[in-house]
There are 2 protein chains.
Amino acid sequence: MIDELDRRILAILQVDASINNQDLAERVHASAPTCLRRVKRLREIGVIERQVTLLSPTALGPSLTAIVELSLDIQSAERLDAFEARVAGEAAVMQCYRVSPGPDFVLVVQVADMPAYHALVHRLFNAAANVRNVRAFFSVQRTKFETALPL
Amino acid sequence: MIDELDRRILAILQVDASINNQDLAERVHASAPTCLRRVKRLREIGVIERQVTLLSPTALGPSLTAIVELSLDIQSAERLDAFEARVAGEAAVMQCYRVSPGPDFVLVVQVADMPAYHALVHRLFNAAANVRNVRAFFSVQRTKFETALPL
DNA sequence: GCTGAAATCACACATTA
DNA sequence: TAATGTGTGATTTCAGC
């Protein structure tokens, strides 16, 4: 399904989506049309989900990243799904992982400042009666941020 | 420095980097050259860091995501930097945050399976004598993964 | 994998507020 | 004067062969 050439293509695209097709073709030692076909197929079968632009988190003014772990009162599928839906609607929530063991969710949130963080927590957690426990760490600096999956 | 038009451009590019310049221009109600100039400038001043391709984490076969919190024995700047450098070299480590309070680092790691996870932990943590404490959660499912900063 | 038509991009220049 | 809009040449994409 995914051969060696596909992998080489993906490895490059993961790191640099702005590369043009013929440069890509050159780097993977294939012809441009072949390369294009592969990319198109990888997109169609869902291996390539989307291409995004990463912005510098500091360039747009100060911002605060927090890692938030939280546990719900009741871990039924309905409650977990409902909470997840709430969380997904918050623009400040960058990532949400349903985990085990430990807390039920780990969130990575990005807000402008401490008041904004507080407002988010209040809106999201205090309002939802079924949050039992919250534990948060504030990121002093983001050392590494890779979106590239190991191939 | 960053005006309303820039913001509109960024909001779109964050979500879709594959959009072409004239479609982008149309959506932000600007001419194509203006749009192109803005994007170029945003890239130059570092607001736009890079464009990447996001792959489906499941499409390439099974994989395991873990959130790993760890504390070092000694929190001197040198030790922290040294650990950070080790971590940055591991392809399986997708994200690394230096946090406070709580543990010293929070990592998001992505590996093929449990043995691979174990090997990583052994390589990274056990080998480095200055890791005091490790706590890991395994992600059952990644609910949300946004790279877009709230504008 | 190659070639050619169609679209797209990128840049210099004129223009306006 | 600084940002916008117009036009043209060069690339790039993408179809058929």
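Letters go in sequence order (proteins before strands), and every chain restarts at 1. In what follows, every heavy atom counts, from backbone to side chain, and hydrogens, waters and symmetry copies are set aside. Nothing here was measured: the structure is a model prediction, and the numbers come from that model.
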request  = State which residue, out of A:N130, A:N133, A:V131, fulfils the side chain to side chain contact (heavy atoms under 4.5 Å, CB included) condition with A:S71.
outcome  =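 That would be A:N133; it is the only one of A:N130, A:N133, A:V131 passing the side chain to side chain contact (heavy atoms under 4.5 Å, CB included) with A:S71.
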Output the single nucleotide from [options] whose closest atom is nearest the side chain of [X].
X: B:R37; options: C:dG1, D:dG5, D:dA15; answer: D:dG5
X: B:P33; options: D:dC14, D:dG7, C:dC9; answer: D:dG7
X: B:N20; options: C:dC2, C:dT8, D:dG7; answer: C:dT8
X: B:S31; options: D:dC14, C:dC9, D:dG5; answer: D:dG5

key: Aromatic plane relationship, B:F105 with B:F83 - under 30° parallel, 30 to 60° tilted, over 60° perpendicular   =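 Ring orientation of B:F83 relative to B:F105: tilted.
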key: Same apolar cluster (I L V M F W Y, side chains within < 4.5 Å links), A:I74/A:V134   =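 A:I74 and A:V134: separate clusters.
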In this structure, how many angstroms lie between the [atom2] atom of [N] and the [atom1] atom of [X], rounded?
X: B:E26; N: C:dA7; atom1: CD; atom2: C1'; answer: 15 Å
X: B:K40; N: C:dA10; atom1: NZ; atom2: P; answer: 9 Å
X: A:I19; N: D:dT13; atom1: CD1; atom2: P; answer: 10 Å
X: B:D3; N: D:dA2; atom1: CG; atom2: P; answer: 16 Å
X: B:Q22; N: D:dT13; atom1: CD; atom2: P; answer: 15 Å
X: B:H29; N: D:dT4; atom1: NE2; atom2: P; answer: 15 Å
X: B:N21; N: D:dA10; atom1: CG; atom2: P; answer: 20 Å
X: A:L5; N: C:dG1; atom1: CG; atom2: P; answer: 9 Å

message = Categorize B:R38 for me: base, sugar-phosphate, or nothing, with a 4.0 angstrom heavy-atom threshold over every strand shown.
response =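 Sugar-phosphate contact only - B:R38 comes under 4.0 Å of backbone atoms but never of a base.
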message = Could you check whether B:R41 pairs with B:D6 (Lys NZ or Arg NE/NH1/NH2 to Asp/Glu carboxylate O, under 4.0 Å)?
response = yes
